[in-house]
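Worksheet for the structure shown next.
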Number of protein chains: 2
Amino acid sequence: MGYYLDLSDPDIAHLASLQKHEQNWRQRDIVRESGAPADLLYVVKSGWCYSYTIMVDGRRQVLQIHHPGDVIGIPDVAYERAVTGLQAATDICLCPFPKNRLDEIFRDSPRLTALLMTLGMMDHVVLLDRIRTIGRMNADERVAHFLLEIVSRLRITSPDITDTFDLPLSQELIGDALGLTNVYVSRTMSLMERAGLIQRMDRAIRICDERALKDMADFQDRYYRIDTSWFPGGAAPALEPNA
Amino acid sequence: MGYYLDLSDPDIAHLASLQKHEQNWRQRDIVRESGAPADLLYVVKSGWCYSYTIMVDGRRQVLQIHHPGDVIGIPDVAYERAVTGLQAATDICLCPFPKNRLDEIFRDSPRLTALLMTLGMMDHVVLLDRIRTIGRMNADERVAHFLLEIVSRLRITSPDITDTFDLPLSQELIGDALGLTNVYVSRTMSLMERAGLIQRMDRAIRICDERALKDMADFQDRYYRIDTSWFPGGAAPALEPNA
DNA sequence: CGAAAAGTTGAGGATCGTCAACATCTGTGG
DNA sequence: CCACAGATGTTGACGATCCTCAACTTTTCG
């Protein structure tokens, strides 16, 4: 695993020790129910999963899509019980580690602490974008923004992606993430395809006109550059993500 | 200022030193534009303000309401430029401090660091609730949730609040926070008042049937209890907020 | 007192949801 | 290798929620 920052050897060892245990789930398996004890965090090793909440009458809101390399559960750390459910969108492999091991990091490595906090803050900003998207944009703008966000995220770990990528998410899931129904997501994506903005082959998506999509969704890439200038121990030499 | 945690004397001194400078703004003043250099954080001393974004065509989304005692700008720390604008909802007094002073905290006090991070995570969870609210609830449920969240937040610093509080926010602002228009907020609140759920006198709101509101909005209080068991230096003796 | 801001109400319309039928894909077991 | 069930995607008709525009009233503040 690489990150946004050059780390010392002990820090790298620390990170590695958190990823010793692996566990697998099949597509649609529930990893953790909302309300379960929040004593674990997870690092995504492979596959996609998502956080969600369900209302009493069955309405579901998908809150976050988690990709390989993500740390899941930073916000839950503040509470005794998990705020969200966690479910596998594809077959996945996660590395769970207990949250009380965080205090080692907090004591031993201010620099790693700052990095963890930064990851949490990046998630936070992505949520702000999502609120704006759901609160003030119509269906096609929402879908455009959603797709762009996914590509941006994928490009961190796969810089070779140009315009085509695999999207292993059902339209119902996308709808639940964007405050729409599966039906309307289908209509919207069909229209976008007919308009020449995207192209679909099976589960793969091709972004045909990224400029147009960015304009309509007022999109900004939150993953590309981060600010490490305030980090204890000094700024990272490179501001861009390492492999 | 009190918090969720007993702190050591040096930590308290540290917090106090961050609040040396005060600055005042009038109602509707813009404290910081979106895109401005993100080199400052703010502690709210008095008054209410809010974070927001604006789209090119003028649509606005209010992202967060900030109350006295809040720390503003934790997520912006990850970026070189501010992600959101910041505007005064009432006359306010803020204590700005430079974000590069955070590294002192990170180096010297793991415990204070954990507390700061926890505050950020609480904000995060409130945003998750907001996404669910906007994405999957209709207008009256949204308004109900919004009011309950405000009361819960106010009760941290004013435990004597029972069912009545001052709400110095225009209906346009509330609408921009909930993904509605000012017109529809007016209609919705009038209906809620006629239904006996709330009562309005000038800018004051009285929650008449808190149980009913909580049920309809599926509300959970995110401010009441936090988990400090993982903190370096051990858990806080009391889990509930101190004065 | 006057101007700007904020709230209310009505009429009409757009966007998106609901329901339902059907088509297609996927994975598992015989 | 095929059959079948479940999951997923598509399309149409209709309806509900919420928006837009506009006029008006009330409140706030210099």
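This is a predicted model, so every value here is computed, not measured. A, B, ... follow the sequence lines: proteins, then strands. Residue 1 opens every chain.
Proximity of A:Y184 to the phosphate of C:dG17: no side-chain N or O atom is located under 4.0 Å from OP1 or OP2.
A salt bridge links B:E210 to B:K214: at least one charged side-chain nitrogen sits closer than 4.0 Å to a carboxylate oxygen. Taking a cutoff of 4.0 Å between a charged side-chain nitrogen and a carboxylate oxygen, A:D39 and A:K99 do not qualify as a salt bridge. Under a 4.0 Å N-O distance rule, the pair B:R155/B:D160 does not qualify as a salt bridge. Salt-bridge formation is detected for the pair B:E141/A:R59: a Lys NZ or Arg NE/NH1/NH2 atom is positioned less than 4.0 Å from an Asp or Glu carboxylate oxygen. Look at A:R132 and A:D218 and you find a salt bridge, because one of the NZ, NE, NH1 or NH2 atoms lies within 4.0 Å of a carboxylate O, short of that distance. Under a 4.0 Å N-O distance rule, the pair A:D166/A:R203 does not qualify as a salt bridge.
Note that CG of B:L178 is 10.0 Å distant from NE2 of B:H145, once rounded to the nearest 0.5 Å. B:T164 OG1 to B:Q199 CD: the interatomic distance, rounded to the nearest 0.5 Å, is 8.0 Å. Put simply, SG on B:C49 and CG on B:D29 are 11.5 Å apart, with the number rounded to the nearest 0.5 Å.
Residues from residues 168-183 of chain B with heavy atoms under 4.0 angstrom of DNA chain D, sorted by number: B:G179, B:L180, B:T181, B:V183. Shown for residues 84-93 of chain A: no residue has heavy atoms falling under 4.0 angstrom of DNA chain C. Contacts between residues 25-33 of chain A and DNA chain C, defined by a heavy-atom separation under 4.0 Å, are made by A:R26. A heavy-atom distance below 4.0 Å to DNA chain D is reached by none of the residues of residues 140-148 of chain A.
Under the 3.5 Å distance criterion, the side-chain polar atoms of B:S158 are left unmatched by any main-chain donor or acceptor of B:I161. In this structure a side-chain-to-backbone donor-acceptor pair under 3.5 Å is missing from A:D202 to A:A204.
Contact annotation: side chain of A:R187 to base of C:dG17, donor-acceptor pair absent below 3.5 Å.
Between B:N138 and A:S190, it is A:S190 whose nearest contact on DNA chain D lies nearer the 5' terminus.
In summary, the aromatic rings of B:W48 and B:H66 are positioned with their centroids too far apart to meet the 6.0 Å limit.
Within 4.0 Å (heavy atoms only), B:R203 reaches sugar-phosphate atoms of the nucleic acid but no base atom.
Contacts between chain A and DNA chain D, taken as any atom within less than 4.0 angstrom of a protein heavy atom, begin and end at D:dA7 to D:dA13.
The CG atom of B:D202 sits 12 Å away from the C1' atom of C:dG7 (whole-angstrom rounding). Between B:R194 atom CZ and C:dT9 atom C1' the separation is 10 Å, expressed in whole Å.
Screening residues 169-178 of chain B for side-chain hydrogen bond (donor to acceptor under 3.5 Å, both in side chains) gives A:R136-B:D176, B:R60-B:D176 as the qualifying pairs, with residues at least two apart or on separate chains.
Minimum interatomic distance between A:C95 and A:K45 (heavy atoms only, all atoms of both residues): SG-CD, 3.6 Å. Between B:L127 and B:L63, the closest heavy-atom pair is CD2-O, 3.8 Å. Heavy-atom minimum distance, B:H124 versus A:D123: CE1-CB, 3.7 Å.
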